[in-house]
Amino acid sequence: FDMSFALTSRALVASPVTSRVTPARAPRRTARAAPRAGPFDAIGDAIAENKKQQATKASNARASPPGVPPPPIVPVIEPATFGFVENAERQNSRASMIGWWSLLLVEAVAGKGLLEIAGFEVGKGINFTF
């Protein structure tokens, strides 16, 4: 527990062992050199400045030109559901993964490649001799 208390401008500290009241000492101030800026501080400052500039550019891009009032109704644009959209690409990639693993499973069970299963005659490939 804290047994120190303030009396006018000087603090008095009561010692728990001797119950004597003694004036509290002010913390000693030492002369410290100002922290030197290292190479990474300059990089951090440059990044912070760049972020401020980007935020200013973004806010200025949304602002209307001088003398032009903002539109009374802001249009609501629905996200695209047809064409090269994120959802379609995700579905295509999932279908291709299922097809690839299905092909590997069929070839493993049949013991033949896809062309042999389809009835095409397949040779031995290129005969490299080393």
Side-chain angles (χ1 to χ4, degrees):
F1 61 95
D2 186 18
M3 295 181 67
S4 63
F5 54 93
L7 180 63
T8 65
S9 64
R10 288 185 78 178
L12 299 177
V13 178
S15 172
V17 175
T18 62
S19 69
R20 254 180 46 196
V21 176
T22 59
R25 294 184 185 177
R28 202 178 272 197
R29 294 185 181 173
T30 59
R32 289 187 177 170
R36 295 182 359 192
F40 297 112
D41 295 335
I43 294 171
D45 294 342
I47 291 172
E49 182 65 27
N50 188 24
K51 285 184 180 180
K52 285 181 191 175
Q53 290 175 355
Q54 294 297 327
T56 305
K57 282 183 184 178
S59 65
N60 290 342
R62 286 179 287 219
S64 297
V68 177
I73 299 172
V74 177
V76 177
I77 300 172
E78 296 290 327
T81 57
F82 182 76
F84 293 104
V85 293
E86 184 178 352
N87 189 37
E89 293 301 315
R90 188 177 297 122
Q91 296 297 330
N92 288 340
S93 63
R94 288 177 182 168
S96 68
M97 287 185 274
I98 291 171
W100 174 256
W101 288 106
S102 300
L103 175 65
L104 289 178
L105 179 69
V106 167
E107 288 183 355
V109 170
K112 299 179 181 180
L114 181 66
L115 293 176
E116 290 176 312
I117 293 172
F120 292 100
E121 194 172 321
V122 180
K124 302 282 185 201
I126 301 174
N127 188 9
F128 285 122
T129 56
F130 294 104

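Everything quoted here is computed from the prediction, not taken from an experiment.
- Taking 4.5 Å as the limit, some side-chain heavy atom of Arg94 sits within range of a side-chain heavy atom of Met97.
- Atom-to-atom distance recorded for Leu103:CG and Ile98:CD1 is 14.0 Å, nearest 0.5 angstrom.
- In plain terms, the two heavy atoms of Glu107 and Leu114 that are nearest each other are OE2-N, 3.2 Å.
- For the pair Thr56/Gln53, no side-chain contact is recorded, criterion being any heavy-atom separation below 4.5 Å from C-beta on.
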